[in-house]
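One-based numbering, in listed order, for ligands and for the atoms of each.
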Amino acid sequence: MNTEQPKKELSAIKGTKDILPQEARLWQIAEAAAKEIFELYGYRELRAPVIEPTELFEKGTGASSDIVTKEMYTFTDKGGRSVTLRPEYTPSVVRAIIEHRLDLQPQPLRFYYIGPMFRYDKPQKGRYRQFHQIDIEVFGEKDPAVDAEIVEMAHRLLRQLGVENVTTMVNSVGCKKCRPAYGAELRKAAAAVKDRLCPDCQRKAELNPLRIFDCKIETCREVASNFPKITDFLCAECQEHFQEFLGYLDFYGIPYRVDPTLVRGLDYYTKTAFEIVAEHLGAQNAICGGGRYDDMVREFGGPDLCGIGFAMGLERLLSVAKIEPPKKSFVYFAYLGEEAKKQSIATARYLRSEGIECLVEFKDRGMKAHFSRANKIGADWVLIIGEDELAKGKFQLKDMIDSKQYEGTAEELAKIILLKDKKGIKSREE
Ligand code: AMP
């Protein structure tokens with residue numbers, strides 16, 4: 001017999017983790033809430049592949065972004081193509097729109113998706129290499145009312161999942177018309193303090209100074225806080241869009257903070273950028289981030305279709321959510337002998353068709369062992385089938401919470417279980 005411990009390399013890859021059943025229950029609830037809410041706003045699910053051609057992200061996410069320069073899971077497949085495990089979802093949706101000519105459908109187009117993303121960053125609390133995002137995108141709606149609507153939708157989801165104490169940070173990052181003048185000023189300002197910046201930001205100072213705002217190093221953040229503010233450089237159109245966006249947030253009663261250093265880590269944003277941060281999450285405190293990307297579809301060779309969206313991190317969301325999973329009752333079958341086993345299988349089949357969860361275990365147990373097993377796994381009901389019950393065609397049902405016992409046919413017992421469950425499992429627990 002091999003008694004060796006399993007080798008260490010048989011563990012999940014660093015920065016990835018298993019979601020075990022108890023935790024998965026919470027994920028299911030959060031995902032179901034997201035889907036339900038998004039559908040209420042007219043969003044429909046669009047599922048894209050996990051792997052995409054590398055150039056999709058180089059072009060979409062941006063060649064100078066941290067994600068593309070440092071964090072992509074890129075490899076060459078057997079056909080010699082460079083493929084990447086998606087680090088974010090927006091470029092995939094844009095590709096799908098162009099590939100399937102979804103732009104020919106009536107607009108605006110509203111999509112959502114929930115799934116894994118991959119970034120090769122240093123893992124820490126709240127930052128993983130495989131993480132999960134709830135993502136929504138709207139295409140073909142220029143009105144700033146939609147910018148506020150998606151923020152309100154994110155808040156609705158957070159509220160439903162019991163997330164409290166969040167702050168919404170908003171900014172406008174301008175557009176192709178106003179950003180170049182700002183970029184020039186920023187480049188000048190960055191060049192003047194270059195020796196105080198980290199080597200990475202020194203490189204960014206020339207390449208794309210806006211990205212200096214992404215740096216997590218305290219001295220760089222301090223230096224960047226004195227840089228010129230984008231909000232002082234917005235063109236009339238961007239200024240008007242921003243003011244209207246803020247007006248709609250006021251209309252919804254959503255408190256926000258304007259943060260002119262909020263540029264988000266991706267290159268494609270235009271006009272609106274926002275982030276929802278949670279207290280008590282430490283360094284990785286952003287639960288949700290989003291913004292407008294009015295040029296992206298066109299830059300991919302598609303039609304002139306503006307876009308806006310957000311991504312919410314499920315791991316971070318769940319770490320601050322207060323979810324009480326509803327207790328589901330289930331029936332354990334205590335049977336004696338082969339005939340009773342078959343009767344249990346048939347009865348469980350019927351009860352399941354009535355929507356009742358059943359557990360039939362195929363282990364030869366005496367009645368005492370059955371009950372101790374039922375107790376151990378927290379069964380709410382035990383359905384007893386022995387010789388007497390077989391002969392009568394009526395079974396015993398024991399309520400494990402209040403110890404009451406009932407006798408009846410499968411149909412009669414199903415009614416008892418359903419009625420009691422309907423009255424609320426909570427009162428059963430009291
Ligand atoms: P981003 O696409 O970087 O704007 O991220 C959107 C949201 O995804 C963030 O606000 C986080 O909640 C989540 N997120 C991003 N990167 C990670 C990561 N490496 N691990 C866990 N969650 C992440």
Side-chain angles (χ1 to χ4, degrees), residues 12-19 23 27 30-31 34 48 50 52 56-57 60-62 64-73 84-94 112-137 150-151 153-155 157-158 161 163 165-171 173 210-211 213-216 259 261-270 272-293 296 307-321:
I13 290 173
K14 191 175 171 189
T16 73
K17 61 178 187 143
D18 301 308
I19 302 159
E23 204 194 335
W27 283 65
E31 288 166 3
V50 169
E52 295 274 8
L56 180 72
F57 303 108
T61 308
S64 69
S65 67
D66 279 358
I67 293 179
V68 171
T69 53
K70 300 185 222 156
E71 299 170 9
M72 291 222 290
Y73 270 93
T84 293
L85 291 175
R86 62 183 179 206
E88 56 143 348
Y89 202 58
T90 309
S92 297
V93 186
V94 170
Y112 71 88
Y113 176 71
I114 304 173
M117 307 291 152
F118 304 84
R119 293 183 194 172
Y120 194 85
D121 203 351
K122 205 170 175 342
Q124 64 176 83
K125 185 173 174 284
R127 191 163 72 198
Y128 309 99
R129 289 182 173 168
Q130 176 177 333
F131 61 101
H132 299 76
Q133 284 186 340
I134 298 177
D135 185 279
I136 67 103
E137 318 279 348
I150 68 168
V151 175
M153 188 167 77
H155 275 262
L157 177 59
L158 295 176
L161 297 176
V163 179
N165 303 323
V166 293
T167 307
T168 305
M169 325 269 267
V170 297
N171 192 23
V173 295
L210 205 62
R211 295 273 69 88
F213 290 115
D214 301 337
C215 187
K216 314 259 172 0
D259 176 2
T261 67
L262 177 75
V263 293
R264 315 262 306 113
L266 312 166
D267 282 353
Y268 50 67
Y269 286 113
T270 52
T272 306
F274 72 91
E275 219 159 70
I276 302 177
V277 299
E279 268 176 30
H280 321 302
L281 265 189
Q284 306 301 321
N285 65 351
I287 335 181
C288 178
R292 198 166 257 285
Y293 43 90
M296 193 175 174
I308 182 163
F310 70 64
M312 200 179 270
L314 258 164
E315 284 81 359
R316 290 187 205 170
L317 169 63
L318 286 165
S319 70
V320 287

Check your understanding: With under 30° as parallel and over 60° as perpendicular, where do the rings of Tyr293 and Tyr268 fit, or are they tilted in between?
Key -> perpendicular
Study note, to complete from the structure: Per the under 4.0 Å non-hydrogen criterion, ligand 1 touches Arg119, Gly126, Arg127, Tyr128, Phe131, Gln133, Arg264, Ala286, Ile287, Cys288, Ala311, Gly313, Arg316
Review point. So which of Arg316, Lys125, Lys216 actually passes side chain to side chain donor-acceptor pair (under 3.5 Å) with Gln284?
Key: Arg316
Check your understanding: Could you walk me through whether Ile276 and Met312 pass the side chain to side chain contact (heavy atoms under 4.5 Å, CB included) check?
Key -> CA-CA 9 Å; Ile276 302 177; Met312 200 179 270; 5.5 Å; no
Exercise for review: Look at atom OH of Tyr73 and say whether more than 12 heavy atoms of other residues, nucleotides or ligands are closer to it than 6.0 Å.
Suggested key: yes
Point to revise | Donor-acceptor pair, side chain of Glu52 and main chain of Thr84, under 3.5 angstrom | key: no
Practice item. Examine distances only and state if a side-chain atom of Asn171 and a backbone atom of Leu262 form a donor-acceptor pair shorter than 3.5 Å. Key: yes
